[in-house]
Structure formats: structure tokens, C-alpha cells
**Q** 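To start, I am sharing the structure in question, which I have written as C-alpha cells.
The shown structure was predicted, so the numbers you read here are calculated from the model rather than taken from an experiment. The figures here come from the full heavy-atom set of this structure, side chains too, leaving out hydrogens, waters and symmetry mates.
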Amino acid sequence: MTLHADVVRVLREWDAPNAEQDLLRRDYLDHLDARADGVWRSCRPAHITASALVVDVERGRVLLTLHPKVGRWLQLGGHCEPEDVTLAEAALREAREESGIVEGLTLLGDGPVKLDRHAVRCAGRDQPENTHLDVQYVVTAPVDALARISEESLDLRWFPFEALPELTDASVRELAARAQHALR
């Protein structure tokens with residue numbers, strides 16, 4: 001199975017939590033139906049991305065990165081790579097790379113918890129905007145996990161669910177709320 005086929009399967013099987021999320025799910029599927037390259041960074045004007053909110057269940061906190069291009073605290077994630085076999089594996093790979101936690105990260109549940117569409121400049125400020133069709137997972141970290149900042153971040157920190165930083169947008173706050181709900 002190709003990554004493209006896996007993303008289609010994931011989105012078809014995903015039970016969206018509300019009408020807005022279901023509309024995004026259907027838009028993502030339409031994109032993938034129209035574009036065989038729809039999972040790759042080179043696909044313009046939009047492509048699938050995979051992200052993960054890393055959660056420390058025992059301490060009730062989430063790991064966020066201060067993104068250098070966006071200037072906000074975000075979940076970990078990014079572009080799909082040729083070695084990714086599944087979308088879930090892409091999200092886990094991104095979580096490992098950007099958190100420095102190489103062992104013990106585990107996907108929560110059977111699929112994503114949220115979709116988010118946002119415009120970005122993938123290659124730099126001189127490039128035209130592109131749209132990320134982000135598929136967001138929740139990943140649990142082991143109790144003793146030690147996060148290490150990567151080259152892709154200005155900062156990396158744990159924040160309590162109830163005290164997310166000011167420079168966090170509504171999308172990340174909603175993702176954290178969905179993660180908290182999924183942990184119950």
C-alpha cells in the first residue's frame with residue numbers, strides 16, 4: 001500500500017467529531033482523489049502533512065515547539081517523507097525528530113483526533129504560500145521522557161493542559177482539548 005492509499009484509508013475510516021471536521025475530511029479526500037502527488041511537499045497549492053501533540057499523561061502536560069517560521073507554539077509535525085509507509089508513522093517520525101524522544105512514543109487511539117487546514121510558506125519567505133492539509137494525532141510519551149530541542153525549533157517545552165502559552169493559536173488549543181478528552 002502506498003502512503004497516498006493509506007491517507008485515503010485513514011480519512012475514509014475516520015469518524016469526524018463534528019460537521020466542520022467532516023467537511024475538511026471530505027475536502028482532503030477530494031484533494032487526494034484529484035492529485036496522486038497530494039501527500040508530498042512538492043504538490044501545489046496544497047499537500048497533506050502529519051502532526052502529533054505529544055502528551056505526558058502522568059503530569060497532565062503537552063510538549064510544544066516554538067516554530068521559527070510561524071513564531072507560535074505548535075504541536076510537532078510536518079511534511080510526509082518518501083520513507084513513510086503510513087500517515088500514523090509519519091506523525092510518529094515527526095514527533096521523534098522534533099521532540100528528541102526516540103523511544104516509547106505511542107499513538108493514542110486508532111487514528112487522528114483533528115484536521116486543520118492552514119496556509120504556510122514551506123520553502124521560505126520568498127516562496128508563494130502553500131496550504132497544509134494537516135492530519136493531527138495524539139501521542140503519549142513515557143513518564144521519564146526527556147525532550148531535546150531540534151534544529152527545527154526555537155524552543156521546546158512542556159506546558160500544563162490548563163496553562164498553554166499565550167503564543168498558542170486556537171487550533172492548538174482545540175487540539176489540546178481534544179487530546180484531554182481522548183485521555184478520559
Side-chain angles (χ1 to χ4, degrees), residues 1-55 57 60 62-65 67 69-70 72-81 84-95 98 105-122 128-140 159 161-162 164 167-184:
M1 177 181 288
T2 65
L3 180 59
H4 186 281
D6 181 69
V7 176
V8 168
R9 179 195 60 78
V10 166
L11 292 171
R12 282 189 180 143
E13 293 177 359
W14 186 57
D15 187 22
N18 58 44
E20 180 183 336
Q21 286 286 290
D22 193 53
L23 180 59
L24 277 177
R25 182 187 70 81
R26 286 184 276 132
D27 286 351
Y28 286 24
L29 286 168
D30 288 347
H31 166 76
L32 292 166
D33 187 46
R35 299 294 303 256
D37 63 342
V39 298
W40 307 122
R41 175 193 312 231
S42 59
C43 183
R44 306 279 181 196
H47 52 263
I48 298 291
T49 56
S51 66
L53 183 68
V54 177
V55 177
V57 178
V62 299
L63 185 63
L64 299 177
T65 180
H67 196 280
K69 291 181 185 175
V70 180
R72 293 193 177 274
W73 291 97
L74 304 174
Q75 75 278 6
L76 309 176
H79 295 102
C80 297
E81 300 293 343
D84 296 328
V85 176
T86 69
L87 189 60
E89 288 175 9
L92 273 171
R93 176 188 49 75
E94 286 287 338
E98 293 186 12
L105 292 180
T106 307
L107 283 172
L108 181 68
D110 295 328
V113 297
K114 184 176 171 295
L115 305 178
D116 185 68
R117 177 175 27 213
H118 50 271
V120 295
R121 294 192 195 305
C122 294
E129 279 193 348
N130 200 353
T131 300
H132 281 182
L133 306 175
D134 198 32
V135 181
Q136 302 175 336
Y137 290 82
V138 174
V139 172
T140 59
F159 295 95
F161 276 107
E162 62 281 348
L164 297 179
L167 288 176
T168 303
D169 65 19
S171 176
V172 174
R173 291 179 186 282
E174 183 181 344
L175 177 59
R178 287 178 194 257
Q180 230 176 346
H181 179 73
L183 290 167
R184 292 184 185 137

**Q** With Pro112 as reference, evaluate Val135, Leu107, Val138 under the side-chain contact (heavy atoms from CB on, under 4.5 Å) test and give the passing residue.
**A** Val135
**Q** Looking only at atom types and distance, does a side-chain atom of Tyr28 sit under 3.5 Å from a main-chain N or O of Val8, one as donor and one as acceptor?
**A** no
**Q** When rounded to the nearest 0.5 angstrom, what distance separates CZ in Arg25 from CZ in Arg12?
**A** 9.5 Å
**Q** Any side-chain heavy atom of Leu115 within less than 4.5 Å of one from Leu11?
**A** yes
**Q** To the nearest 0.5 angstrom, please state how far the CG atom of Leu164 sits from the CZ atom of Phe159.
**A** 8.0 Å
**Q** Indicate yes or no: at least one non-hydrogen side-chain atom of Leu175 is less than 4.5 angstrom from one of Val113.
**A** yes
**Q** Could you report the tightest heavy-atom contact between Pro45 and Arg35, atom names first, then the distance?
**A** CD-NH1, 4.5 Å
**Q** Could you check whether Glu89 pairs with Arg93 (Lys NZ or Arg NE/NH1/NH2 to Asp/Glu carboxylate O, under 4.0 Å)?
**A** no
**Q** Angle class for the His47/His79 ring planes (parallel below 30°, perpendicular above 60°, tilted otherwise)?
**A** tilted
**Q** Given side chains that start at C-beta, do those of Leu64 and Leu53 come closer than 4.5 Å, heavy atoms only?
**A** yes
**Q** What pairs with Asp27 under side chain to side chain donor-acceptor pair (under 3.5 Å), at least two apart in sequence or on another chain?
**A** Arg117
**Q** Within the 4.5 Å heavy-atom criterion, are Leu108 and Val55 side-chain neighbours or not?
**A** no
**Q** Ignoring hydrogens and angles, state whether a donor on the side chain of Gln75 or Ser51 is under 3.5 Å from an acceptor on the partner side chain.
**A** yes
**Q** With a 3.5 Å distance limit and no angle check, can you tell me whether His4 reaches the backbone of Gly38 through a side-chain donor-acceptor pair?
**A** no
**Q** State, yes or no, whether a side-chain contact exists between Val10 and Val7 at a heavy-atom distance under 4.5 Å.
**A** no
**Q** Could you state the interatomic distance from CD1 (Ile48) to OG1 (Thr131), rounded to the nearest 0.5 Å?
**A** 11.0 Å
**Q** Give, for atom OG of Ser171 and atom NZ of Lys114, the distance between the pair rounded to the nearest 0.5 Å.
**A** 3.0 Å
**Q** Can Glu94 and Leu76 be said to form a side chain to side chain contact (heavy atoms under 4.5 Å, CB included), step by step?
**A** CA-CA 6 Å; Glu94 286 287 338; Leu76 309 176; 5.6 Å; no
**Q** Apply side chain to side chain contact (heavy atoms under 4.5 Å, CB included) to residues Leu92 and Tyr137 and explain how you reach the verdict.
**A** CA-CA 9 Å; Leu92 273 171; Tyr137 290 82; over 6 Å; no
**Q** Indicate the atoms forming the closest heavy-atom contact of Gln136 with Asp134, along with that distance.
**A** NE2-OD2, 3.1 Å
**Q** Which pair of non-hydrogen atoms, one from Asp6 and one from Leu87, has the smallest distance, and what is that distance?
**A** OD2-N, 2.8 Å
**Q** Nearest 0.5 Å, please: how far is CG in Asp116 from CG in Leu133?
**A** 10.0 Å
**Q** Minimum heavy-atom separation for Ala90 and Ala50, please, with both atom names.
**A** CB-CB, 3.9 Å
**Q** If every non-hydrogen atom of Glu98 is compared with every non-hydrogen atom of Gly77, which pair is closest and at what distance?
**A** OE2-O, 3.0 Å
**Q** Kindly compute the distance separating CZ (Arg41) from OG1 (Thr49), expressed to the nearest 0.5 Å.
**A** 10.5 Å
**Q** Would one find more than 12 heavy atoms of other residues, nucleotides or ligands at under 6.0 Å from atom NE2 of His118?
**A** yes
**Q** Does a donor on one side chain and an acceptor on the other come within less than 3.5 Å for Asn18 and Glu20?
**A** no
**Q** With a 4.0 Å cut-off, would you call Asp30 and Arg26 a salt bridge?
**A** no
